[in-house]
Amino acid sequence: MYKFDPKVIRVGISGCLVGQKVRFDGGHKRSDFCSEQLAEFVEFVPVCPEMAIGLGSPRPSIRLVNLGEDIIAQTAKGVDVTAALRDYGRNLATQFSGLSGYVLCAKSPSCGMERVRVYHESGKGNAKEGVGIYTQELMQAQPLLPLEEDGRLNDALLRENFVTRVFALHDWQCLCHEGITAAGLITFHSRYKYLLMAHHRESYLQLGKLLADLSVDVAAKADAYIKGLMQALSIIVTRKNHTNVLQHLQGYFKRMLNARQREELSDTITQYRQGILPLFAPITLLRHYLKEFPNEYLQQQVYLNPHPEALRLRYGI
Ligand code: SF4
């Protein structure tokens with residue numbers, strides 16, 4: 001089930017976010033970004049854990065309750081559904097190794113990723129400190145899987161970061177599908193150089209050291225590599241880091257561009273740094289010069305094309 005297919009990027013999603021009427025009130029919480037834009041490029045795998053354990057829709061809402069030693073999920077009638085949600089999540093999540101990401105419904109006691117309301121046992125007061133029961137199992141079984149919540153996807157930086165991670169993990173899964181080799185790992189790392197440098201320069205260096213000697217333990221090193229890569233990519237890129245990378249890339253064209261072109265590129269990067277232009281502007285110019293003056297090393301850099309252009313993810317950052 002949900003086996004990896006290099007031709008399809010599969011992304012799990014809370015069923016209510018793709019318009020399924022599975023919520024406790026019989027409604028849905030359709031995400032326009034997921035249903036109208038991202039769906040063009042990925043195949044969603046919708047799951048509603050509460051429907052799956054037989055709660056039906058409409059149903060009494062459930063909530064997380066802090067019992068001191070444990071946090072449980074309880075229906076409004078006091079029925080404890082924690083074990084059912086956990087068992088379902090644990091069983092299903094082991095079948096998710098073919099997924100490349102997961103979009104979760106925020107605030108849900110089953111699907112929420114963070115800051116889910118946890119009520120005190122007494123019924124008085126609550127704290128936004130919980131994680132949905134189903135999602136806890138998902139996180140444990142698939143620690144590499146990029147996760148994001150629907151509400152957070154409205155933030156341009158978080159949205160771009162999530163989609164970047166989904167495409168990067170899928171890229172990695174394709175490499176694994178072909179069979180990991182020392183040469184394949186080195187090429188992969190070299191393609192991710194500038195993307196990694198933008199997210200976290202130290203990780204780029206550390207991961208390079210990890211791959212320095214691949215004469216033994218290639219499989220173990222590959223495991224450590226993808227862990228480090230996904231961790232680094234989860235760090236949001238600052239304008240300063242993007243600027244550093246853009247200036248590095250600018251250096252490749254120094255000798256090919258005439259004075260006017262050099263000035264244009266330099267001004268565009270400066271205006272990006274100052275927040276006047278979006279990232280899309282200097283990237284487009286670099287790609288334009290790359291077409292004019294092909295450079296094999298730069299052409300394979302994921303940084304210049306981390307996700308489909310049509311998603312317009314670099315227009316707003
Ligand atoms: S948040 Fe999760 S459990 Fe709740 S309706 Fe959506 S998919 Fe179902």
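Side chains are part of it too, since the values below use all heavy atoms of this structure and drop only hydrogens, waters and symmetry mates. Every number for a ligand or one of its atoms is a count from 1 in the order of the listing.
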By number and element, which atoms of ligand 1 are closer than 4.0 Å to a non-hydrogen atom of Val22?
5 (S)

Can you confirm whether more than 12 heavy atoms, excluding those of Arg239, are under 6.0 Å from its CZ atom?
yes

Any side-chain donor paired with an acceptor under 3.5 Å for Glu292 and His288?
yes

Does the gap between the ring centers of His199 and Tyr303 come in under 6.0 Å?
no

Any chance you could measure Lys7, atom NZ, to Cys174, atom SG, to the nearest 0.5 Å?
10.5 Å

When you measure from the side chain of Asn295 to the backbone N and O of Leu290, does any donor-acceptor pair fall under 3.5 Å?
no

Looking only at heavy atoms of Lys107, does any of them come nearer than 4.0 Å to an atom of ligand 1?
no

Who's the nearest protein heavy-atom neighbour of atom 8 (Fe) of ligand 1, and how far?
Cys48 SG, 2.4 Å

What atoms of ligand 1 come closer than 4.0 angstrom to any heavy atom of Ser14?
7 (S)

Check Asp155 with Arg152, please: is the shortest side-chain N to carboxylate O separation under 4.0 Å?
no

Mark up the atoms of ligand 1 that fall under 4.0 Å of a heavy atom belonging to Gly15, in ascending order.
7 (S)

Nearest 0.5 angstrom please: Leu138 CG to Ile133 CD1, how far?
13.0 Å

Nearest-neighbour protein heavy atom for atom 6 (Fe) of ligand 1, which is reported as residue plus atom name and distance
Cys16 SG, 2.3 Å

If you measure from each heavy atom of Val47 to ligand 1, is any distance below 4.0 Å?
yes

Do the numbers put Arg165 on top of the ring of Phe162, so that NZ or CZ is under 6.0 Å from the six-membered ring centre and no more than 45° off the axis?
no

Going by the 4.0 angstrom heavy-atom rule, the piece of Lys21 near ligand 1 is neither

Quick look: Ser108 vs ligand 1, heavy-atom contacts under 4.0 Å, and the answer is side chain

State the atoms of ligand 1, each with its element, that fall below the 4.0 Å cut-off from a heavy-atom position in Cys105.
1 (S)

Between Leu17 and ligand 1, find which residue part has any heavy-atom pair under 4.0 Å and reply side chain, backbone, both or neither.
neither

Examine Cys111 and say whether one of its N/O/S atoms is closer to atom 6 (Fe) of ligand 1 than 2.8 Å.
no

